[in-house]
Amino acid sequence: MTSRWLDTPDRYGLVTRLLHWGMAALFAWQFAGMAVRILLGRHPLTAFMVGSHKPIGTVLMLLILLRGAWGLSQWRQRPPHPGTLVGRAATAGHALLYALMLYVPTVALLREYGSGEGFAPFGIRLFPATGQEIPWMLAPADASHGLLAWTLLALVVGHVLMVVMHHWWWRDDTLARMTGRL
Ligand code: HEM
Ligand code: HEM
């Protein structure tokens, strides 16, 4: 049985597409907020955008777990990449995107836990306020949350450039199978 919700070898299904574009929008919000913070510093727009950084990042953490599990469940039926060098580079590139999408919020949440200040995104208490700092839980995010987040952004720029190449240079169906026009 084929369903528009599931992936098939010639296009991504609705679930995959919703996760891909919904998460792309949330990532755009995260990066735009941090870019605004760097450009404008303390400013009402920074407060507005960065004020939601932790809760939106927590939602992204949840979504990446769902997306990974969903991707594995669709693995054998989603559009395959050819065994060529470019095809294998695409698979490796996507794997790297997944690794960074997982790492960046994971270490940030570990830091929230280790801060001992408590954490309640959208008013939902995830971590209690213990008043006790746990240094080894702060270290990974302090050293690499921002750096690897910007690395993720660089990789996304490369990802989008490759899609542009597929669409306007090679003129194939790569973009269409993620937009649902197939
Ligand atoms: C998953 C998506 C996330 C992305 C793409 C992201 C991205 C970023 C970026 C680009 C910065 C700026 C680094 C700089 O100043 O150059 C940053 C900083 C920060 N983020 Fe995130 N973040 C995410 C999730 C989270 C989560 C889940 C939390 C906490 C619950 C969090 C907490 C922070 C904090 C406290 C800072 C300022 C300190 C630092 O740079 O480490 N972020 N983030
Ligand atoms: C304007 C922005 C974007 C465009 C036009 C775009 C386009 C696409 C297209 C056409 C595919 C299918 C490629 C294929 O079948 O080989 C794809 C897959 C993928 N994209 Fe994007 N993308 C964008 C943003 C992002 C962002 C922000 C992320 C992650 C941070 C991302 C992560 C992925 C991943 C992991 C895949 C593999 C399929 C999956 O597991 O979802 N993309 N993208």
Side-chain angles (χ1 to χ4, degrees), residues 12 15-75 78 81 88-163:
Y12 293 98
V15 176
T16 301
R17 270 147 46 205
L18 278 172
L19 283 166
H20 178 271
W21 296 113
M23 288 178 69
L26 294 181
F27 275 111
W29 177 257
Q30 295 295 79
F31 287 120
M34 286 304 172
V36 161
R37 190 181 77 167
I38 290 170
L39 292 173
L40 301 184
R42 282 181 71 90
H43 187 277
L45 185 62
T46 308
F48 174 64
M49 294 185 77
V50 176
S52 62
H53 186 84
K54 289 182 184 182
I56 298 289
T58 308
V59 169
L60 276 166
M61 172 86 251
L62 204 72
L63 290 174
I64 184 58
L65 295 176
L66 282 175
R67 181 172 175 180
W70 179 254
L72 287 178
S73 81
Q74 303 298 299
W75 189 252
R78 63 173 37 180
H81 293 135
R88 281 204 217 121
T91 305
H94 292 169
L96 197 55
L97 281 168
Y98 270 99
L100 288 173
M101 284 194 282
L102 193 63
Y103 180 88
V104 166
T106 300
V107 290
L109 287 169
L110 187 69
R111 177 170 61 188
E112 288 307 314
Y113 186 87
S115 73
E117 288 168 16
F119 183 52
F122 305 106
I124 303 164
R125 178 145 304 281
L126 283 191
F127 308 143
T130 59
Q132 209 147 45
E133 215 177 76
I134 307 169
W136 71 263
M137 289 187 171
L138 312 182
D142 285 349
S144 62
H145 173 72
L147 185 67
L148 287 191
W150 293 122
T151 307
L152 171 60
L153 178 61
L155 202 64
V156 167
V157 170
H159 174 64
V160 174
L161 286 178
M162 283 312 291
V163 173

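Everything numeric here is computed off the predicted structure, so don't read it as measured data. Only this structure's heavy atoms are used, side chains among them; waters, hydrogens and symmetry mates stay out.
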Answer whether the closest heavy-atom distance between the side chains of [X] and [Y] falls below 4.5 Å.
X      : Y      : answer
Leu161 : Val157 : yes
Thr91  : Arg88  : no
Leu102 : Met61  : yes
Thr58  : Ile124 : no
Met101 : Leu152 : yes
Leu110 : Trp136 : yes

Atom pair [atom1]/[atom2] of [X] and [Y] - distance to nearest 0.5 Å:
X      : Y      : atom1 : atom2 : result
Asp142 : Leu147 : CG    : CG    : 12.5 Å
Glu112 : Leu138 : CD    : CG    : 9.5 Å
Leu155 : His94  : CG    : NE2   : 9.0 Å
Met23  : Ile64  : CE    : CD1   : 4.0 Å
Arg37  : Met49  : CZ    : CE    : 12.5 Å
Leu153 : Phe27  : CG    : CZ    : 10.5 Å

What heavy-atom pair brings [X] and [Y] nearest, and what distance separates the two atoms?
X      : Y      : answer
Phe122 : Ile56  : CZ-N, 4.5 Å
Pro105 : Gly57  : CB-O, 4.0 Å
Pro55  : Pro121 : CA-CB, 3.9 Å
Leu109 : Phe127 : O-CE1, 3.4 Å
Phe119 : Arg125 : N-NH1, 3.7 Å

Stepwise side chain to side chain contact (heavy atoms under 4.5 Å, CB included) check, Val104 with Leu60: CA-CA 10 Å; Val104 166; Leu60 276 166; over 6 Å; no
Determine yes or no for a side-chain-to-main-chain donor-acceptor pair under 3.5 angstrom, with [X] supplying the side chain and [Y] the backbone.
X      : Y      : result
Ser144 : Pro140 : yes
Gln30  : His53  : yes
Arg17  : Tyr12  : yes

Parallel, tilted or perpendicular, as decided by the 30° and 60° cut-offs, for the rings of Phe31 and Trp150: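 Rings of Trp150 and Phe31: tilted, 30 to 60°.
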Over 12 foreign heavy atoms within 6.0 Å of CZ, Phe48: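 Open.
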